[in-house]
Amino acid sequence: MLEVLRSGVLTQGERTRAFERAFALAMGAELGVATANGSVALYLALLAHGIGPGDEVITSPLTFIATANAIAHTGATPVFADVDDTLNLSCEAAARLIGSRTKAIVLVHLHGNPGDVRALARLAEERGLALIQDACQAVGATVGGRPLGAFGTAVYSFYATKNITTGEGGMVITSDAKVARTCARLRHQAYADEPYLHDAIAYNFRLTEMQAAIGLVQLGKLDAITERRRQNAEYYAANVSRWFERPRVDPDHRHVYHQYTLRVPSGWSRDEVRSQLRTRGVETGVYYPVPVHFQPPYRVLHNAPCPVAESAARDMISVPVHPAVTHDERVAVASELNGIAATALWT
Ligand SMILES: Cc1ncc(COP(=O)(O)O)c(C=O)c1O
């Protein structure tokens, strides 16, 4: 950071290019385009894949609203297909919703658990659609040993709570030079070959050199951060009562545990479970309590029901899994959850 400040090159410099190269390589792709945040990275990726007004884009309703907003900002309509028991987009549900206006599928890797990118890439190819991965929560996740970028364009976020962070920031990674070029051009006001000549109405979606410097250091810590998250998750997997079901993780999918999510059994009150945990010092989160097709701006679409996503939105809770959770803390979290399960079973 200090080197950047002293150099006087505060944006669009060597650090950003180095971060793009290193991050793309680590995520399994050839090219990276760093952006101001993950939301605009997704928006640029959609534009670069030719998505625009009149098109439909199939995605999961169990995601942060930014996924749908990026689609809507292109002028396309998001169509929400249900998730499966991994809580990621179901390939069968997506296939059923493909129509004449469908142009793309956005696969969200929720909570860091990779979705079925192989099946969806096959489906997209067969039906002539673009597949874009919203990997904002899944930095470092792999499928069959391959990073997600090996399966096509993917978008990441470096928001403050993400597995690695630059405070705010994002990146499109791709091995398609045309996609990368379009994203880079639109990110920077569509400069043409001559100075101050612009060949499109574009944007300022740039990342700063200070953020890129932080990103490079964070990337160097990614393996250690992921390992800590996975150890915490393994502890919960082995020690938290099986009354709390977990989303399925496919055998060769490497989950990076942006969140560790449990399902509160039906008949129990999630609010009550959360409030009991809170009084015992354990904070939980719900990501996300309202599926996107029920959010006010998207209700008007009258999307078909997505029963699996809707029930997950009612019963999910996420417990602390971040790298700073100590062994004593994870023991306490597991024991509080088990205490709740034991009392619930007795009453
Ligand atoms: C699934 C998902 N998509 C998109 C985004 C948007 O990223 P950002 O907050 O960096 O704009 C986020 C993170 O916030 C996210 O979790």
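Here, residue 1 is the first one in the sequence, and each next residue gets the next number. One-based numbering, in listed order, for ligands and for the atoms of each.
Ring geometry, Tyr288 versus His111: the interplanar angle falls from 30° to 60°, so the pair is classed tilted. Ring geometry for Phe23 against Phe158 counts as perpendicular: the plane angle is over 60°, on a 0 to 90° scale with 30° as the lower cut.
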Which atom pairs, one a donor and one an acceptor, fall under 3.5 Å between side chains of residues 309-316 and the rest of the protein, sequence neighbours left out?
from, atom 1, to, atom 2, distance (Å)
Glu310, OE2, His293, NE2, 2.8
Glu310, OE2, Cys306, N, 2.7
Ser311, OG, Arg263, NH2, 3.4
Ser311, OG, Val308, O, 3.4
Asp315, OD1, Arg263, NE, 2.5
Asp315, OD1, Arg263, NH2, 3.4
Asp315, OD2, Arg263, NE, 3.4
Asp315, OD2, Arg263, NH2, 3.3

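Each salt bridge (charged side-chain N to carboxylate O under 4.0 Å, His left out) pair with one or both residues in residues 35-61, not counting sequence neighbours, appears once here: Asp55-Lys103, Glu56-Arg101.
Scanning the protein for heavy atoms near atom 16 (O) of ligand 1, the closest one is Gln137 NE2, 2.8 Å. Protein heavy atom in closest approach to atom 6 (C) of ligand 1: Ser39 OG, 3.4 Å. Here the heavy atom of the protein found nearest to atom 5 (C) of ligand 1 is Cys136 SG, 3.7 Å.
Because its NZ or CZ atom is not both nearer than 6.0 Å to the ring centre of Tyr203 and within 45° of the ring axis, Arg187 does not count as a cation-pi partner of that residue.
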Verdict with supporting geometry, His49 and Thr153, side chain to side chain donor-acceptor pair (under 3.5 Å): CA-CA 9 Å; His49 279 275; Thr153 302; 2.8 Å; yes
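The shortest N or O to N or O distance between Glu168 and ligand 1 is not under 3.5 Å. Residue Thr63 has no N or O atom closer than 3.5 Å to an N or O atom of ligand 1. Backbone and side-chain nitrogen or oxygen atoms of Gly38 are examined, and one is located within less than 3.5 angstrom of a nitrogen or oxygen of ligand 1. Considering backbone and side-chain atoms together, Lys162 places an N or O closer than 3.5 Å to an N or O of ligand 1.
Of all atoms in ligand 1, listed by their number and element, those nearer than 4.0 Å to a heavy atom of Ala66 are 4 (C), 5 (C), 6 (C). Using a 4.0 Å cut-off to heavy atoms of Asn37, the atoms of ligand 1 that qualify are 10 (O), 11 (O). Residue Ser157 approaches ligand 1 through these ligand atoms, each under 4.0 Å from one of its heavy atoms: 7 (O), 8 (P), 10 (O).
At a heavy-atom cutoff of 4.0 Å, ligand 1 is contacted by the side chain of Asp134 but not by its backbone.
Salt bridge Glu14/Arg17: present, at least one basic N to carboxylate O contact under 4.0 Å.
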